[in-house]
Amino acid sequence: MNIEEKIKVNIIEAFQKIYNAEIPEKSIQIQKTRKEFIGDFTVVVFPFLRFSKKSPEQTAEQLGIYLKDNFSEIKEFNVIKGFLNLKFYDSFWLNFLNTTLLEDNYGFVKSNEDSEKIMIEYSSPNTNKPLHLGHIRNNLLGYSIAQILKANGKNVVKVNLVNDRGIHICKSMLAWQKWGNGETPDSTGLKGDKLVGNYYVKFDQEYKKQIADLINKGISAEEAKKQAPLLIEAQNMLLKWERKDADVLELWKKMNAWVYKGFDETYNNLGIDFDKVYYESETYLLGKSIVAEGLKKGVLNKKEDGSVWADLTKDGLDEKLLLRADGTSVYMTQDIGTANQRFAEYNNDKLIYVVGNEQNYHFQVLALVLKKLGFSWADNLFHLSYGMVELPEGKMKSREGTVVDADDLLNEMIETARETSEELGKLDSYSKEEVNNVVKTIALGALKYFMLKVDPKKNMLFNPKESIDFNGNTGPFIQYSYARIKSILNKAKDQKIEKSDCVSSNIKISEKEVNLIKLIFDYPATISEAADNYSPALIANYIYDLAKEFNQFYHDCTILKEPDNDIRNFRLLLSQMIGDIIKSSMSLLGINVPDRM
RNA sequence: GGUCCAAUAGCUCAGUUGGAUAGAGCAACAGCCUUCUAAGCUGUGGGUCGCAGGUUCGAAUCCUGCUUGGAUCACCA
């Protein structure tokens, strides 16, 4: 039983004994005492007034007396309005620190075969253009949430569903065929995804020219868009692809291979990975038989032209097409199929899709249609809907060239980190290779922390002109705090300062030090809250508080030169514990920490 | 037009089952390195929590309406 549960039990007892009343456990609110008051935990007594039939102050006072008498850990209490603040003995916190020092992965819950199994899909790129800032948010979120769920004792399967087919892929293929002159990543020195992306842009440019020509000839804009020869060629290419035309398939495989190589490089640089990769070219036909089944059951309906629909108007939504008149399927059909396949194959308890909030409607429809089709697991789909990354001018638009490229951004961050490190003279004694490693760690830390510290649900702003900060509430600030801790611990070792396995509980410690132990106390609850809410931001905010508090402690207290052995030992162990938590919590965000910086 | 989401300091963001005087960082200004890493620490200024009602002991938080911004409502993915 943890301390908060113990307090709760005692409050219930108190009300039985003092007021002969049964108070519901849910009515008990225990929160951390705010900084401006004395205490560790605060009980809110307002909800109890109808049981005590006394004023808030009187109720709190009587409850406080009872708790202090029955709780050897409580040193004192005070009452302010309807709030009962409980102050614990320092020894309680020191003993608590000792229990955490004994744990291997403090704050983490171990998983076993019976643990909940969660599949999480993220990234899901198209193979016609390179990854950009929006993908970065997606990738970082997906990877981090997977880490957090694992730390919370779940069995996690990370999957990627690559959109490798369709008209948009044919567009870049066609453009390369027409204007590529046989260019390859090798011949140009370009990353494969960049090269292919260039041809996607080229297609669009030429297509627009054709449209303009047609409009000049007096054709309406709408018609021109449909009649442009390039588009018709692309459509023909898609048909050939579907008929498995050898030449088209060969070209498709060749160009996709270039893209995958490029993507792998970017994923690798970002430090994210997957347990399994699905390709749409292999899944796009899934779902058709399920739709046919639904038609039989009368859950879906067929229109005169032969197309199949789900009527969701009674649920406040529209009708949704599932099969075209020619029998070909749409995206929704595929998602019905892949979801079904995944639950069958992996027997997971949950399936999370990390997809932008622009697809909220799609996932709402998906869950509803699956439910109508009678799949019991339809309730276990979860759309982790995250907000857009916006630029100061608004949304990123690939056609207007305002897209922030993932690789470019990463390289810029690394250069900034390098310049800053040089200016500060931090890495003067390092070898070239060490510098490269540290600088990359810092750059990635800055970028990842920047993107993960904001609530996933919210849109966020990224200003390319103001490069991501390294001071204040940032990844490097936290990394720096960690490096400081490492530095002290190393010096302690060099100076042969004794460090035992536990702290003495008889020492006098400062308020800052108690605050730090209290933050350590909060770590496990923070992980489970982050897991419940699928929110790396909760972890990020927690680490920042911890690092900030540590830096104050570091500033105020000497560690190595502390004359009292017990206190020095305590400070060393406290620092070590905080270092361990910074490292482990940062790993939940997919961020590494350097030993020196 | 229907549906959904958002709005908190000049800027970027916290504020999680409704709790005490709404917090950080950046930017500005003023301090702190002969002392464990100054990517740090301390201080100052900065708020009608979009607006108006309602619910109650108590509302940035819940409800209703409105304003503003965004997303979406494709035989695109």
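Lettering follows sequence order; numbering is per chain, from 1.
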At under 4.0 Å between heavy atoms, what does [X] touch on the DNA or RNA strands: base, sugar-phosphate, or nothing?
X: D595(A); answer: base
X: S535(A); answer: nothing
X: N533(A); answer: base
X: Y544(A); answer: sugar-phosphate
X: Q364(A); answer: nothing
X: I167(A); answer: nothing
X: V44(A); answer: base
X: M460(A); answer: sugar-phosphate
X: L538(A); answer: base
X: K458(A); answer: sugar-phosphate
X: L461(A); answer: sugar-phosphate
X: Y480(A); answer: base
X: Y331(A); answer: base

So, under a plain 3.5 Å distance rule, would you say the side chain of [X] forms a donor-acceptor pair with the base of [N]?
X: N85(A); N: A20(B); value: yes
X: T474(A); N: A39(B); value: no
X: K426(A); N: U37(B); value: yes
X: S421(A); N: A39(B); value: yes
X: D305(A); N: C75(B); value: yes

From [atom1] of [X] over to [atom2] of [N], roughly how many Å is that when rounded to an integer?
X: E422(A); N: A39(B); atom1: CD; atom2: P; value: 15 Å
X: N473(A); N: G15(B); atom1: CG; atom2: C1'; value: 14 Å
X: E466(A); N: G25(B); atom1: CD; atom2: P; value: 18 Å
X: K548(A); N: A14(B); atom1: NZ; atom2: P; value: 18 Å
X: K512(A); N: G40(B); atom1: NZ; atom2: C1'; value: 14 Å

Tell me whether Y554(A) and G40(B) count as stacked here, given that the ring centres must be under 5.5 Å apart and the planes must differ by less than 30 degrees. no

Can F477(A) be classed as stacking with the base of A39(B), given a centroid separation cut-off of 5.5 Å and a plane angle cut-off of 30°? no

Does R596(A) reach the main-chain N or O of A483(A) with its side chain, forming a donor-acceptor pair under 3.5 Å? no

Would you please enumerate the stems RNA chain B participates in, each stem being three or more consecutive Watson-Crick or G-U wobble pairs with both distances under 3.5 Å? B:1-7 with B:67-73, B:10-13 with B:23-26, B:28-32 with B:40-44, B:50-54 with B:62-66

To the side chain of E280(A), which of U37(B), A77(B), A20(B) is closest? A77(B)

Syn or anti for C13(B), with syn set at within 90° of 0? anti

With a cut-off of less than 4.0 Å, is there a side-chain N or O of S487(A) near OP1 or OP2 of U37(B)? yes

Any side-chain donor paired with an acceptor under 3.5 Å for T441(A) and N592(A)? no

